[in-house]
Amino acid sequence: VGKNFELNKMREVVLVYLDRSGGLQKFVHDCKKYNDSKQSYAVYRFIISINPSDIAELDATLGNYILHNPLQAAQIFQSVCFVAIKTLSLIEQLQTEAQISILLKPTHLPPLPSYVLSLSAYPFNYTSQRFYMSDGIVIAMGTVTKYTQGARFLCTEETCPFSEGFRCIRVHCPGATESATVRTDFVCSLCSSPLQEDMKFRVLGDKQIVEMIDAKMLNALKGYSNDKSHFRIQAFTVFLRDELANKMTIGNHYRIIGIPACVQNGLQATACIEVNSPSFVSDNFKYLLSLTSSSCWRFTAVLANVFASQVVPPGTYNTLKLAILLSLVQTCEKENADYLDLLVVTSDTLIIDRLLNYSLCLLPRGIRHPPSSEIFPSVSKDKHGTGSASIQACSAVLAKGGICYIGDLSSYKKDKLELLQSVLESRTTTVFIPGKKYGEEADQQVTVSVQTNFWSHVDVDSSSKKHIQKENFLIGQMDVSLIPVNLVDGFGLLIYNEFPSCHLSSSVVHHVLRRAINPEAMLYKVSQQFRTQDYEEFILFARNLHVELSSEAESLIQGYYLASRRVRRDSIHGSTLSASALKILISLSKAHAKLSLRQTVLEEDAVIAILLLESSLTLKHGTSVLCVAPNPVFPFDITDENSLQQRDIYLMQCHHQVLKFIAAYSPGIHINTNEE
């Protein structure tokens, strides 16, 4: 009697909650759809959104029941909904309560450790069948297949009351296999005769299997990390059913709520997008910004000068370090983002590799591609026995909104380089799924978005060893014949590091030796003033700035682009300036503005972008009429305020030189020049 009283009380609370939350109105609307169809179903499926906090305020017992016994709680909602349908005549075709399938979807769970799914916690009660929340990155996705939501069975004994009507209904439960819903050995609970399915009443739904893994996994794919802790990370399977199928994107980060099941090793999941935590700029960077506010070029110069002092001495590799910082702040997960890819030509791959590895760790999604795996998504057979295709994420997709460092470009075969070139041009890759191999009637092509910046390097010595050098080099042009010309053009910037292989600076040699003797030593004072964590927080803040081009910067960029197309031509191929050069200029300009913590792109930002691109074009195609210096952004060492002043004067001269270049070779563009 006490149990029935408690159940009746919870039913009353359910009705009150549905009425107050608007759930009852939605339920009536869903019933109308079924009723208007005039078709009889074995199962009528309803989704009810539940706010655990609101339920607990109405009745703590029901709130606890929903959180810890969701399948039994769904039966309470089922009985309330059945009474509502019959009382209000909402679905004429409905005959029995068993035909109603209720799916409870909590909006959130209490922020307590006991509600977080942890595969490393032991022991874990897999049989609890209650809600847990977890979050992670999608690393593999299967194709959408069908499963049985519900089925009608009839007793084979004609005299049995269960030989007609809708008394024997099988409904899918979270974690159950297909054989738990439909198979041939069910027996009648009334007379023990065999049951037979009435196939015309079977209700099918969509199912998709997804593999997810904890975001901590990304730390294991970085080439460098300050985190010395050790942990084991295991992938887990998520089942997306019906309205959730195709709602996840491979490589994205999600938070899910679901019911774990040991049998399936997966989750019946509800997905929602994760909210990023806020970022900020350290006091030291704010102070530096105020000290250098007299010039639009000084702040970024000092940033690059002292960057990565844990790996290379301050003042070395400044052009490359500035390019790295510009690429880091041009990372986001938006469609049609401004990408900035780097290809470094070097004769000292060890130091460059260390510098790029270190820089990766400043982003949440910095991936060092392991040579033994695939860069782009691949297809394999689903390991859960369905035989369907499963798309594996691979490095480029896992680096979404970040950096994918693919190492030495010369180590890849021709087909991989051609695929990389295609991705750099379109920012998408197509995965082909042969239908015959994976049990489908037709072949499929799935297009996957690749939203990441690519970093790579080429050993200039290996290029000269493997290929016969061309004799007709232009002034300033480098031999990168090991890599296809179109692929080199696909990278936004081609950077040549400052030191030849046989003339490493004494400061670099000294740094490497001291690091080898004492890896944990703090070699420079600036390493304490501008820590790795400070740069990490700074970049996370700067990359989220929304910047707009000023009309002056836009005119300067457009004028330089048109003038360069005219002067960089040959009689056979026409202009040697690729169509993507304008995008690269805009991306560089925006990146410099972000790095300067400005929301408007000024002419000064455009000047840096033009000098970097012109230097890159000189390495690719030889010098032009503009004729910039080999290291145009950092023509001399940055040691004190006087050297910063000299650099400002030099960059103003470069600005004036660019204006004269535009006036001579792109006269149709109007540029406001400063007479001074």
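Note that the coordinates shown come from a computational prediction; the quantities given were computed from them, not determined experimentally.
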Distance-only side-chain donor-acceptor flag, N69 / R130, under 3.5 Å: no
Gap separating the SG atom of C394 from the CD1 atom of I367, nearest 0.5 angstrom: 11.5 Å
Heavy-atom closest contact (C31 atom, I85 atom, distance): SG-CG1, 3.9 Å
Over 12 foreign heavy atoms within 6.0 Å of CD, Q196: no
For C188 against L195, the heavy-atom pair lying closest together: N-CG, 3.6 Å
Donor-acceptor contact below 3.5 Å, side chain Q99 vs main chain T96: yes
Modelled atom types, side-chain donor and acceptor of E211 and T237, under 3.5 Å: yes
Any C168 side-chain heavy atom under 4.5 Å of L154 side chain: no
N51 vs H108 side-chain heavy atoms within contact, under 4.5 Å: yes
Donor on one side chain, acceptor on other, Y535 and S359, under 3.5 Å: no
Check: L94 main-chain N/O paired with K86 side-chain donor or acceptor under 3.5 Å: yes
Salt bridge (charged side-chain N to carboxylate O under 4.0 Å, His left out) evaluation trace for R202 with E197: CA-CA 8 Å; R202 180 181 287 194; E197 184 187 355; 2.7 Å; yes
Heavy-atom side-chain proximity of S21 to D54 below 4.5 angstrom: no
Flag if over 12 foreign heavy atoms under 6.0 Å of CD, Q72: yes
S40 side, atom OG; K200 side, atom NZ - distance, nearest 0.5 Å: 10.0 Å
Backbone of T159 reached by a side-chain donor or acceptor of S163 within 3.5 Å: no
Exam field: side chain S426 to backbone T428, donor-acceptor pair closer than 3.5 Å: yes
Side-chain polar contacts of residues 9-16 - donor-acceptor pairs under 3.5 angstrom, sequence neighbours left out - could you list them?
| unit_1 | atom_1 | unit_2 | atom_2 | d |
| --- | --- | --- | --- | --- |
| R11 | NE | S79 | OG | 3.0 |
| R11 | NH1 | N8 | OD1 | 2.7 |

Any donor-acceptor pair under 3.5 Å from N35 side chain to E92 backbone: yes
Listed partners of Y34 passing ring-ring contact (aromatic ring centres under 6.0 Å, His included), at least two apart: Y41, Y44, F46
From T148 atom OG1 to K146 atom NZ, the distance as rounded to the nearest 0.5 Å: 11.0 Å
Heavy-atom side-chain proximity of K207 to L240 below 4.5 angstrom: no
Test item: side-chain donor near acceptor, D242 and Q149, under 3.5 Å: yes
Heavy-atom closest contact (Y339 atom, V450 atom, distance): OH-O, 4.2 Å
D198 side chain reached by F153 side chain, heavy atoms, under 4.5 Å: no
Under 3.5 Å donor-acceptor, Q78 side chain and E97 backbone: yes
Nearest heavy atoms of A180 and R170, plus distance in Å: O-NH2, 2.6 Å
Minimal non-hydrogen separation, Y254 against M212, with atom names: O-CE, 3.9 Å
Gap separating the CD1 atom of I47 from the CD atom of E243, nearest 0.5 angstrom: 3.5 Å
Y147 ring center near H172 ring center (under 6.0 Å): yes
Side chain to side chain, Y17 and I50, heavy atoms closer than 4.5 Å: yes
Whether T452 side chain and G402 backbone form a donor-acceptor pair below 3.5 Å: yes
Donor-acceptor under 3.5 Å (Q208 side chain, G142 main chain): yes
4.5 Å side-chain heavy-atom contact, S395 and P370: yes
Test log, rule side chain to side chain contact (heavy atoms under 4.5 Å, CB included), inputs R365 and I137: CA-CA 11 Å; R365 296 265 194 131; I137 293 169; 3.9 Å; yes
Side chains of R543 and T331, donor plus acceptor under 3.5 Å: yes
Nearest heavy-atom neighbours spanning V138 and T249: CB-O, 3.9 Å
Any donor-acceptor N or O pair under 3.5 Å, side chains Q445, T447: no
Spacing of R45 atom CZ and R241 atom CZ [to the nearest 0.5 Å]: 9.5 Å
Side chain to side chain contact (heavy atoms under 4.5 Å, CB included) assessment of S282 paired with F538: CA-CA 7 Å; S282 72; F538 174 85; over 6 Å; no
Step-by-step side chain to side chain contact (heavy atoms under 4.5 Å, CB included) determination, I406 to L420: CA-CA 10 Å; I406 57 178; L420 175 61; 3.6 Å; yes
Distance (rounded to the nearest 0.5 Å) between L18 CG and R20 CZ: 12.0 Å
Worked check of side chain to side chain contact (heavy atoms under 4.5 Å, CB included) between Y132 and I256: CA-CA 8 Å; Y132 286 87; I256 60 173; over 6 Å; no
Check: S101 side chain, V43 main-chain N or O, donor-acceptor pair, under 3.5 Å: no
Side-chain (R152) to main-chain (G165) donor-acceptor, under 3.5 angstrom: yes
Close side-chain approach of F454 to C404, heavy-atom, < 4.5 Å: yes
Pairs involving residues 56-65, ordered by first then second residue, that meet side-chain hydrogen bond (donor to acceptor under 3.5 Å, both in side chains) (sequence neighbours left out): N64-H68
Neighbour count above 12 (heavy atom, 6.0 Å) for K33 NZ: no
Other residues, nucleotides, ligands: >12 heavy atoms within 6.0 Å of R183 CZ: yes
Side chains of K38 and Q93, donor plus acceptor under 3.5 Å: no
